[in-house]
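One structure is given here, and the rest of the page talks about it.
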Amino acid sequence: MKVPFLDLAAAIAEHREDFDAAWRRVTSRGAFVLGDEVAAFEREFADYCGARHCIGVASGLDALRLVFEGARVVPGDEVIVPAYTAVATWMATTSVGAQPVGVDVDARTFNLDPALVERAITERTRAIVAVHLFGKPADMAALKAIAAKHDLLLLEDAAQAHGAAIDGHRTGSLAHAAAFSFYPTKNLGCFGDGGAVTTDDDELAERVRLLRSYGWRDRSVSEIFGVNSRLDELQAAFLRVRLAALDADNERRRRLARLYREALEGVEGLELPVESDQSVDVWHVYASQVSDRPAVVGNLSASGVGTLVHYEPIPHLTPAYRAIGWKRGDFPVAEQLASRELSLPMYPQLTDGALDAIVAAIRS
Ligand SMILES: *Cc1c(COP(=O)(O)O)cnc(C)c1O
């Protein structure tokens, strides 16, 4: 049995008629930029997250950048970012001229280690970016306390954690502001690029809203310098369809995570990701660890099972960041995790038969 790492066509097929209706609705209206669909999606997603504001933007990277610009993070400022994350978290910081200050992660959760965050703070630190990596919320209580103590902006990078929650509060409402990506493979994905900022801060929301479209409140009247980073009507219409199914889809991921654990716990050479009872994890990625990754990948591939590695290299070991002085040894925990990480197939449409085939392949 062939089991692809991801099957987006299967996800889209589940809502084919609703997507077709969304397409007809938008194209018959003939308005494609910042219209009714974006406004409706922004309302619905803000409500879903439990935030006052949602501003649709063009990507997850832009969501992070526009929060920095909206909050006036400026060149020379330092921003604390986890060593283990998608490169976008670091790039967003670099692209506004700020200095990403990497901090090592907790070996069990892959998320920021709050004890190390405190030590990385200097008088130039402006912000902390808490990434909810692989769908597991970061330790927000500890990070909030640190941010409050040092008067820092705390930002969620929630690109992998739509619908995840702590104590009944969903991501998007757990810090000063949050950045989401709707890249097609995310738990809530569109048919191209898209993103959003959520926040309770009226002034920040207002500035991000202006920044995303040339600084315009009224068309062609630039009140501040902005960019073109808009979520478009079609993507918003498709996202509304998928948002309605998000909780059910996340529940299917959570069930698969339980089945993986039941079937694979105790297999020698394989370490499974931890399930937290402190939070609702939404399993964007099922990140296991193996001791002999090339052999495991090769054998699974020969059995028809697709896997991926998230991430090789991690941000500070990419050529771009090595060129400005980062090096192996800077983050021992993250580097060790990255050398062993292996992502197994994890998506709502993964069938029980496919899961059995993956388990059999791993066990053999
Ligand atoms: C995907 C992702 C982003 C960036 O999103 P894009 O829409 O691809 O720009 C940022 N942070 C994390 C953790 C991500 O996984």
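Atom set for the values below is all heavy atoms of this structure, side chains included, hydrogens, waters and symmetry mates excluded. When a residue number appears, it is its place in the shown sequence, counting from 1. Remember, it's 1-based here, ligands and their atoms both numbered in the order they're listed.
- Other cluster members for Y214: W216, joined by side-chain heavy-atom distances under 4.5 Å among Ile, Leu, Val, Met, Phe, Trp and Tyr.
- For the residue pair Y347 / T185, no side-chain donor-acceptor distance below 3.5 Å is found, with atom types taken as modelled.
- Remark: the S343 side chain and the E341 side chain contain an N/O donor-acceptor pair separated by less than 3.5 Å.
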Identify all N/O pairs between ligand 1 and the protein with a separation under 3.5 Å and present them as a table of atom names and distances.
from, atom 1, to, atom 2, distance (Å)
ligand 1, 5 (O), S181, OG, 3.2
ligand 1, 7 (O), G60, N, 2.8
ligand 1, 7 (O), S181, OG, 2.6
ligand 1, 9 (O), G60, N, 3.3
ligand 1, 9 (O), L61, N, 2.9
ligand 1, 11 (N), D157, OD1, 3.2
ligand 1, 11 (N), D157, OD2, 2.7
ligand 1, 15 (O), Q160, NE2, 2.8
ligand 1, 15 (O), K186, NZ, 2.7

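- The pair D200-R52 does not meet the salt-bridge criterion, since no charged nitrogen lies less than 4.0 angstrom from a carboxylate oxygen.
- Across every non-hydrogen atom of Q349 and E14, the tightest pair is NE2-OE1, 3.0 Å.
- In this structure, the side chain of D113 engages the main chain of A115 through a donor-acceptor pair within 3.5 Å.
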